[in-house]
Amino acid sequence: MLGSIATFALFSVASASPQWGWWPGYKPEPHGHGHGSHSAIITDLSVIQQYWGQITPYHDNTEDHFGIKDVGLPDGCQVEQAHSLQRHAQRFPTSTFDDGGNDEHFAAKLANFTKAHPSKKFTGPLEFLNTYQYIMSESLLTGIGAQTEFQAGVAFWNRYGRTLYNATLGQLAYNASNPDGTKRKKPVLRTTSQSRIWNSQINWALGFFGPSFEATPDPKISDAESGFNVVVIPEGGTENNTLASYDSCANDNTDPIVALGDDDLEGYVAIYLKDATERLQKYAPSGFKFTVNDTYAFQSICAYETAYIGQSDFCDFFTVEEWTGFENTLDIEYYYDYSYGNPTGRSQGIGYLQELIARLTNKLITVSESSINTTITDNAKDFPLGEKFYNDLTHDDIIVSVLTAMSFDYFKDAPSLTKFPPNPDRHFILSNMTPFGGRLITEVIGCASANPKPFPNHRTYYTPMQYGYDPSNAPHKFLRFRLNNGILPVSTIRGGACGKRSDGLCTLSDFLESQKDADKLANYQFSCFGNYTIKFPNGGKDFDGTISA
C-alpha cells in the first residue's frame with residue numbers, strides 16, 4: 001500500500017502552469033514516447049492500458065516475448081498434458097490503501113469539498129469532477145472479468161482441448177462422452193472460496209465446457225457443471241491453500257514483511273507524479289490541494305473503471321512516461337511483496353510447485369510442511385493423477401511466487417526504486433506476467449526422439465498427429481512453460497539443469513533435477529513462522545525470496 005496518508009500528504013506540490021499546452025487546441029501524440037515533462041499527453045486507451053501492471057487487461061505475449069528463438073513444436077512431438085495456473089480476471093479494487101483505499105480516499109475528499117464549497121468549481125479538463133460520483137464496489141469480479149475468463153476457457157479448449165481429446169469435426173468444446181458414447185472420467189477444477197476466484201472458475205468452465213454455445217441452444221444452460229467436478233479450497237483464514245498461500249504463512253502477514261513492496265513504492269510515486277500533480281492543480285479551485293496520492297488515484301481509478309464499465313474520464317491526463325511510472329510502482333510492490341525481494345517470496349509459491357511436481361510424477365501428497373492442504377492432495381478424488389489437463393484458479397501474486405520458487409531467474413530483475421522513466425527492457429513487468437486473466441501453463445510434451453530438432457515457427461495443429469506425432473511412440477517427455485502465451489526460457493532456471501535448448505523444452509527428468517533444492521531454498525517453516533526481524537526501510541534489499549535461520 002502507499003503507506004500512511006499523512007506520509008504522502010507531506011509531499012508538497014506547488015501550483016504551476018504546464019510546460020506545454022493542454023486544452024483547447026491540444027493535439028496528443030497517441031503513440032509517442034517523448035522525454036520527461038515535455039512528452040505529450042496520451043489518450044489512446046489501447047496504448048495506456050498496456051501499462052497497468054497486474055490490473056492490465058489480458059493480452060497474449062508473443063511466443064518469443066521472453067527470448068525463445070524457436071517457438072514451434074519439433075516434428076514427432078505433441079502436448080500430452082497441460083497444467084494451467086489461471087488468475088482471476090477484472091475485479092473491483094480491493095480495500096488496501098494503495099489500491100481501492102487510496103481511490104476511495106480521493107473520492108471522499110472530492111465529495112466533501114464539493115459539498116462544503118458548492119460555488120467552487122474545477123475547470124477545463126477537470127470539470128467532470130464537479131458532478132463526479134464514485135461508483136465502484138470492492139474486490140468482486142466484474143462483468144468484463146467474467147468475459148475475460150470465458151474467453152480464457154474457450155482459448156484453452158482451442159489450444160489444448162482439441163488435440164488432447166482428438167476433437168471431432170467442428171467440435172466446439174469439451175464433450176463429457178467418448179466417441180463411443182461412454183462417459184469420460186470427470187475432470188477436476190480447483191478454486192478458492194473467494195468470490196472473484198470462484199466466479200472466475202465458473203466462467204472459465206462455461207468457455208471450456210461450452211454449455212452456452214451448444215448446437216441446440218439451451219436457454220437454461222441446464223446441467224452446466226455435469227461434465228466436471230470442482231474442489232473449493234477455503235480462503236480467508238489461516239488454512240492451508242496453495243492457491244492463496246499467504247493465508248497460512250504467518251510472517252507474510254506481519255509488518256514490515258507484508259508491505260515491503262507497498263512501502264518501497266512511496267518514494268517512487270513522489271518522483272514520477274510531481275509534474276502531473278502540478279498540471280492537475282492548475283484546474284482545481286482555491287482550497288483544493290492535489291497531493292501525489294490524489295494523482296495516483298487518477299491512474300488507478302482510470303484502470304479500475306475501465307475494468308468495470310469499459311471507460312473512464314480519469315485516463316486522459318498523463319504522458320507515456322507517467323504511465324510507465326505507474327506500472328513500475330506495481331512492479332516494485334509485487335517484487336518486494338511476493339518475489340525475490342521478500343523473505344517469504346519462495347514460500348508463497350512452493351506449495352503449488354510441490355503439487356505440480358506431484359502431478360508430474362503421479363504421486364499423492366499425504367504430508368505437508370508448506371501451504372499444501374493434505375486433506376485434498378491425499379486422495380485421487382480431489383487430487384486426481386494422470387489427467388489430460390488441470391486448471392487451478394488463483395491470484396496474481398501466487399503466479400509470481402511460483403516463478404520465484406522455481407528459481408526462474410529471468411525474473412530476478414528488481415524494478416528500480418528511483419529511475420524514471422523505468423528501463424523498458426527490464427524483465428519483471430507485471431503487465432506481461434500477471435494481467436487480469438493471466439495464466440502460467442506447464443505443457444507436458446511427448447516426443448519420439450530424445451533430442452528432437454527445434455522448429456522455428458509456430459504452426460497450427462489441426463489434428464494431434466499432423467506432424468509425425470504417434471502416442472504409441474513418444475517415450476521421451478519434455479516440459480515447456482508458457483506465461484500468457486510467451487514461452488519461458490528454461491535455460492534461466494537456476495543451476496542450468498534444463499540446458500539451453502532454443503525452443504524452451506526441458507526434459508521432465510532435468511526439470512525435476514532443477515527443482516531438487518526448491519524446498520530447501522524456500523525454507524518454509526522458518527520464513528513463515530520463524531522469529532526474525534527485517535530492517536526497514538532497506539532500500540530494495542534482494543532476499544532471494546527466502547531467509548535463513
Side-chain angles (χ1 to χ4, degrees), residues 1 54-55 83-96 99-100 138-141 145 149 188-204 230-254 257-259 261-262 333-334 337-339 342-356 358-359 365 368-377 382-383 390-406 430 433-440 522 524-525 527-529 545:
M1 54 187 174
Q54 82 282 4
I55 51 179
H83 304 246
S84 180
L85 187 60
Q86 171 77 34
R87 187 201 172 189
H88 68 79
Q90 283 91 330
R91 57 164 170 80
F92 288 120
T94 64
S95 61
T96 56
D99 203 44
E138 289 184 353
S139 298
L140 302 176
L141 190 74
E149 288 298 336
V188 173
L189 309 183
R190 298 196 308 174
T191 176
T192 82
S193 62
Q194 190 180 85
S195 174
R196 66 178 179 268
I197 307 295
W198 200 344
N199 279 325
S200 290
Q201 174 269 308
I202 292 169
N203 284 281
W204 189 95
V230 179
V231 172
V232 181
I233 309 174
E235 176 180 358
T238 59
E239 59 281 306
N240 279 12
N241 184 343
T242 58
L243 307 180
S245 55
Y246 39 76
D247 277 355
S248 60
C249 184
N251 285 338
D252 177 54
N253 297 301
T254 61
I257 298 171
V258 67
D262 309 65
E333 178 184 8
Y334 275 62
D337 280 355
Y338 308 114
S339 190
N342 192 286
T344 68
R346 291 178 181 272
S347 288
Q348 293 183 65
I350 193 63
Y352 175 81
L353 175 57
Q354 291 169 335
E355 289 181 332
L356 175 64
R359 287 166 168 170
I365 304 174
S368 169
E369 293 186 355
S370 69
S371 58
I372 291 175
N373 186 331
T374 55
T375 65
I376 293 170
T377 62
D382 296 329
F383 194 74
Y390 297 91
N391 190 50
D392 295 323
L393 273 294
T394 189
H395 297 268
D396 46 8
D397 50 284
I398 303 303
I399 295 176
V400 169
S401 294
V402 168
L403 293 169
T404 304
M406 284 186 183
L430 288 176
M433 296 172 67
T434 58
F436 279 135
R439 62 217 60 159
L440 173 63
Y524 184 88
Q525 289 298 317
S527 69
C528 288
F529 303 104

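Taking 4.5 Å as the limit, every side-chain heavy atom of Arg196 sits out of range of all side-chain heavy atoms of Phe92. In this structure, the side chains of Met433 and Leu403 come closer than 4.5 Å at one or more pairs of heavy atoms. Put simply, the side chain of Arg359 reaches to within 4.5 Å of the side chain of Phe383, judged on heavy atoms. Put simply, the side chain of Ser195 does not reach to within 4.5 Å of the side chain of Leu141, judged on heavy atoms. In this structure the side chain of Val400 never reaches within 4.5 angstrom of the side chain of Gln54, judged on heavy atoms. In this structure, the side chains of Glu239 and Asn373 stay at 4.5 Å or more apart for every pair of heavy atoms. Two residues are said to be in side-chain contact when any heavy atoms from C-beta on lie closer than 4.5 Å; Ile55 and Leu430 fail this criterion. Side chains of Tyr246 and Glu235 form a contact here, defined as non-hydrogen atoms less than 4.5 Å apart.
Across Arg190 and Asp382, no two heavy atoms sit closer than the pair CD-O, 4.5 Å. Residues Gly349 and Ala405 come closest through the heavy atom pair C-CB, 3.8 Å. Shown here for Ser368 and Thr374, the closest heavy-atom pair between the two residues is CB-CG2, 3.5 Å. A pairwise comparison of heavy atoms in Gln348 and Ser401 identifies CB-OG, 3.4 Å as the closest pair.
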Test side-chain contact (heavy atoms from CB on, under 4.5 Å) applied to Trp198 and Val232, step by step: CA-CA 8 Å; Trp198 200 344; Val232 181; 3.5 Å; yes
Pair Ile257-Asn342, side-chain contact (heavy atoms from CB on, under 4.5 Å): steps then yes or no: CA-CA 7 Å; Ile257 298 171; Asn342 192 286; 3.5 Å; yes
Steps toward salt bridge (Lys or Arg N to Asp or Glu O under 4.0 Å) verdict (Arg91, Asp396): CA-CA 12 Å; Arg91 57 164 170 80; Asp396 46 8; 5.0 Å; no
Chi angles and distances behind the side-chain contact (heavy atoms from CB on, under 4.5 Å) call for Glu149, Leu393: CA-CA 10 Å; Glu149 288 298 336; Leu393 273 294; 4.1 Å; yes
side-chain contact (heavy atoms from CB on, under 4.5 Å) assessment of Ile233 paired with Leu243: CA-CA 8 Å; Ile233 309 174; Leu243 307 180; 4.2 Å; yes
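Remark: the backbone N or O of Tyr352 is not paired with any side-chain donor or acceptor of Thr242 at under 3.5 angstrom. Judged by distance alone, the side chain of Ser339 and the main-chain N or O of Gly345 form no donor-acceptor pair under 3.5 Å. No donor-acceptor pair closer than 3.5 Å links the side chain of Gln86 to the backbone N or O of Asn391. Between the side chain of Arg439 and the main chain of Gly437, a donor-acceptor pair closer than 3.5 Å is present. Counting only distance, with no hydrogens or angles, the side chain of Arg346 and the backbone of Gly545 share no donor-acceptor pair below 3.5 Å. A donor-acceptor pair is defined here as one N or O able to donate and one able to accept, closer than 3.5 Å; such a pair exists between the side chain of Asp337 and the backbone of Gly261. Remark: the backbone N or O of Ile372 is paired with a side-chain donor or acceptor of Asn240 at under 3.5 angstrom. Remark: side-chain polar atoms of Arg87 are paired, donor with acceptor, to backbone N or O of Thr434 under 3.5 angstrom. Under a 3.5 Å cut-off, the side chain of Asn241 and the backbone N or O of Ser248 do not form any donor-acceptor pair.
At a cut-off of 3.5 Å, with distance as the only test, no side-chain donor of Thr191 or Gln201 sits close to an acceptor on the other residue. A donor-acceptor contact closer than 3.5 angstrom is absent between the side chains of Asn251 and Thr344.
More than 12 non-hydrogen atoms from other residues, nucleotides or ligands lie less than 6.0 angstrom from CD of Gln525.
With sequence neighbours left out, Ser347 forms a side-chain contact (heavy atoms from CB on, under 4.5 Å) with Ala522, Tyr524, Ser527, Cys528.
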